[in-house]
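So that the names make sense, note that chain A is the first sequence line, chain B the second, and so on, each numbered from 1. Quantities reported herein were computed from a predicted structural model and do not represent experimental measurements.
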2 protein chains.
Amino acid sequence: MWNVDEVLEKLKAKGYKLTSQRRAIIERLCGRKDHPTAEQLYNELKKDYPTISFATIYSTVQLLAELGYLQILTIDDKKSHFDPTPDMHAHFLCQGCGKLEDIEIIPEEAEKLKSLCAHKARIIEVFIYGLCPECDKG
Amino acid sequence: MWNVDEVLEKLKAKGYKLTSQRRAIIERLCGRKDHPTAEQLYNELKKDYPTISFATIYSTVQLLAELGYLQILTIDDKKSHFDPTPDMHAHFLCQGCGKLEDIEIIPEEAEKLKSLCAHKARIIEVFIYGLCPECDKG
DNA sequence: CTGCGTGCAAACTATTTGCAGTTAC
DNA sequence: GTAACTGCAAATAGTTTGCACGCAG
């Protein structure tokens with residue numbers, strides 16, 4: 001898992017400006033295990049940055065995705081979820097309650113998946129749809 | 001791979017009406033190896049059904065997804081692609097040219113993926129993003 | 001000082017929805 | 001006959017964009 005300074009270094013090295021908004025977004029994402037949407041981030045950041053905008057959030061998040069620090073998940077067809085954990089894992093979406101969870105993939109398995117594809121694979125995503133134990137009961 | 005009659009039977013059995021539009025959409029999807037978008041289907045169907053609407057296409061496609069005859073792919077964050085092939089396989093999206101390809105997964109591998117998840121898995125999707133050989137060259 | 005980044009609002013676009021007319025059964 | 005389906009148009013909502021201002025380097 002990356003830390004804030006590491007990402008800021010990289011941004012500087014690539015010639016991007018270190019604005020307070022970018023810092024705030026990176027701090028907000030650092031170490032998270034959940035998968036916030038743009039709206040969620042916006043609401044959280046608004047407390048400290050009342051004027052922050054969706055434009056800034058989307059642009060920063062795209063920047064982080066390009067640098068490999070997060071993935072923009074399209075598992076939910078309504079909105080994007082941001083996943084700041086770079087090591088490969090699968091995602092489970094409960095079709096009952098909409099809960100989104102991480103599922104571990106052993107590295108060996110991940111390697112096999114990568115080798116499936118003759119082309120140069122940059123990113124692999126595994127999405128599993130189903131019912132979580134609670135929704136399965138009801 | 002399913003055939004048209006099989007799907008029509010199932011619809012009838014479930015109490016859905018067999019309209020000419022549904023028939024046309026199912027016929028149009030049967031045996032396809034590509035992954036058309038709603039717009040693509042719309043343009044193709046317009047030739048025989050000049051009054052067909054997106055509402056009908058979307059609703060029929062959702063119905064087919066519920067019955068397990070196709071998957072609605074969210075690999076492309078702009079629009080949905082419909083995949084009428086029910087056997088499990090991965091999808092590759094070229095980030096250069098946007099080309100969408102099937103990647104085979106051996107059944108054994110698919111089973112392993114399913115067992116990753118403690119919950120009841122209905123659908124598994126594997127999306128691989130990268131560059132196709134042509135785009136990788138340039 | 002210079003240009004990248006931000007914030008606002010407007011634009012965009014794929015998909016969904018309401019409703020009146022139509023059709024399968 | 002009647003409930004389900006269709007087609008149109010309008011609504012929806014997440015994301016993107018244009019532009020003027022502000023701030024980092």
Side-chain angles (χ1 to χ4, degrees), chain A residues 7-28 35-67 70-82 93 98 100, chain B residues 7-26 28 35-67 70-82 98 100:
Chain A
V7 179
L8 294 177
E9 284 297 308
K10 179 75 154 236
L11 283 180
K12 208 188 327 185
K14 291 255 178 183
Y16 294 105
K17 291 187 175 169
L18 303 187
T19 65
S20 57
Q21 293 90 335
R22 280 184 179 159
R23 242 181 260 270
I25 293 170
I26 292 164
E27 279 166 12
R28 203 76 224 169
H35 309 88
T37 62
E39 193 186 5
Q40 233 169 300
L41 272 185
Y42 175 75
N43 288 330
E44 295 176 11
L45 289 160
K46 227 176 13 184
K47 289 162 196 161
D48 293 324
Y49 292 82
T51 66
I52 204 162
S53 69
F54 278 98
T56 301
I57 290 172
Y58 280 113
S59 96
T60 300
V61 154
Q62 273 168 21
L63 184 55
L64 293 174
E66 276 161 31
L67 299 179
L70 72 68
Q71 287 200 18
I72 301 174
L73 305 179
T74 59
I75 190 170
D76 178 339
D77 59 345
K78 292 297 164 210
K79 45 188 120 186
S80 300
H81 290 257
F82 308 133
L93 182 73
L100 185 53
Chain B
V7 179
L8 294 178
E9 283 297 307
K10 179 76 152 234
L11 283 179
K12 208 191 322 188
K14 290 255 180 184
Y16 294 106
K17 292 187 174 170
L18 303 187
T19 65
S20 57
Q21 293 90 337
R22 281 184 179 159
R23 243 181 263 268
I25 293 170
I26 292 163
R28 203 77 223 167
H35 309 88
T37 61
E39 193 186 6
Q40 233 169 301
L41 272 185
Y42 175 75
N43 288 330
E44 294 176 12
L45 288 160
K46 228 179 8 187
K47 288 163 198 160
D48 294 324
Y49 292 81
T51 65
I52 204 161
S53 68
F54 278 99
T56 301
I57 290 172
Y58 280 114
S59 95
T60 300
V61 154
Q62 274 168 21
L63 185 54
L64 293 175
E66 278 161 32
L67 298 179
L70 72 68
Q71 288 199 19
I72 300 173
L73 305 178
T74 59
I75 191 171
D76 178 340
D77 59 345
K78 293 296 165 213
K79 46 187 119 189
S80 300
H81 290 256
F82 308 132
L100 184 53

K.L.:
To the closest 0.5 Å, what do you measure between CG (B/Leu70) and CG (B/Leu63)?
P.N.:
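B/Leu70 CG to B/Leu63 CG: 9.5 Å, rounded to 0.5 Å.
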K.L.:
Using a cutoff of under 3.5 Å, can you pull out all pairs of nitrogen or oxygen atoms linking the protein to nucleotides 11-14 of chain C, with atom names and distances?
P.N.:
none

K.L.:
For a quick test of your reading: what N or O donor-acceptor pairs under 3.5 Å do the side chains of residues 45-61 of chain A make, sequence neighbours left out?
P.N.:
from    : atom 1 : to      : atom 2 : distance (Å)
A/Ser53 : OG     : A/Thr56 : N      : 3.3
A/Ser53 : OG     : A/Thr56 : OG1    : 3.2
A/Thr60 : OG1    : A/Thr56 : O      : 2.9

K.L.:
Counting C-beta onward and ignoring hydrogens, is there a side-chain heavy-atom pair between B/Leu8 and B/Lys12 closer than 4.5 Å?
P.N.:
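No. Closest side-chain heavy atoms not under 4.5 Å.
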K.L.:
If the condition is ring-ring contact (aromatic ring centres under 6.0 Å, His included), which residues does A/His81 pass it with, not counting sequence neighbours?
P.N.:
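Scan of A/His81 (ring-ring contact (aromatic ring centres under 6.0 Å, His included), adjacent residues dropped) gives none.
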K.L.:
In a table with atom names and distances, give each donor-acceptor pair under 3.5 Å that connects a side chain of residues 19-27 of chain A to protein atoms at least two apart or in another chain.
P.N.:
from    : atom 1 : to      : atom 2 : distance (Å)
A/Thr19 : OG1    : A/Arg22 : N      : 3.2
A/Arg22 : NH1    : A/Lys17 : O      : 2.8

K.L.:
On DNA chain C, does the nearest nucleotide to B/His81 precede the nearest nucleotide to A/Ser59 from the 5' side, or the other way round? Give the residue.
P.N.:
A/Ser59
K.L.:
Looking at residues at least two apart in the chain, or sitting in another chain, which of them share a side-chain hydrogen bond (donor to acceptor under 3.5 Å, both in side chains) with B/Glu44?
P.N.:
B/Arg28, B/Arg32
K.L.:
Angle between the two end axes of the helix from C/dC1-D/dG25 to C/dC25-D/dG1, five base pairs per end, rounded to 10 degrees?
P.N.:
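The two end axes of the helix from C/dC1-D/dG25 to C/dC25-D/dG1 meet at 40°.
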K.L.:
Could you check which residues of residues 8-22 of chain A get a heavy atom under 4.0 Å from DNA chain C? Sort them by number, please.
P.N.:
A/Tyr16, A/Lys17, A/Thr19, A/Gln21, A/Arg22
K.L.:
Kindly say whether A/Asp77 contributes a backbone atom to a donor-acceptor pair with the side chain of B/Thr74 at under 3.5 angstrom?
P.N.:
no
K.L.:
Considering only heavy atoms, which members of residues 46-55 of chain A lie under 4.0 Å from some atom of DNA chain C?
P.N.:
A/Thr51, A/Ile52, A/Ser53, A/Ala55
K.L.:
From A/Thr37 OG1 over to A/Phe82 CZ, what is the distance, rounded to the nearest 0.5 angstrom?
P.N.:
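Going from OG1 on A/Thr37 over to CZ on A/Phe82, the span is 7.0 Å.
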K.L.:
Are A/Val7 and A/Leu67 close enough that some pair of their side-chain heavy atoms sits under 4.5 Å apart?
P.N.:
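No; the side chains remain at least 4.5 Å from each other.
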K.L.:
Nearest-nucleotide wise, let me know which of B/Asp77 and B/Thr60 is further upstream toward the 5' end of DNA chain D.
P.N.:
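Mapping each residue to its closest nucleotide by heavy atoms, the 5'-most match is B/Thr60.
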K.L.:
What is the 5' to 3' range of DNA chain D, first to last nucleotide, that sits under 4.0 Å from any heavy atom of chain B?
P.N.:
D/dA3 to D/dT16
K.L.:
Can you check the B/Gln40 CD to C/dT15 C1' distance for me, whole Å?
P.N.:
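Rounding to the nearest Å, CD of B/Gln40 and C1' of C/dT15 are 17 Å apart.
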K.L.:
Which atom names give the shortest non-hydrogen contact between A/Gly98 and A/Leu93, and what distance separates them?
P.N.:
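Closest approach of A/Gly98 to A/Leu93, heavy atoms only: O-CD1, 3.5 Å.
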K.L.:
For A/Lys78, which residues count as a side-chain contact (heavy atoms from CB on, under 4.5 Å) partner, sequence neighbours excluded?
P.N.:
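A/Lys78 satisfies side-chain contact (heavy atoms from CB on, under 4.5 Å) with A/Asp76 only.
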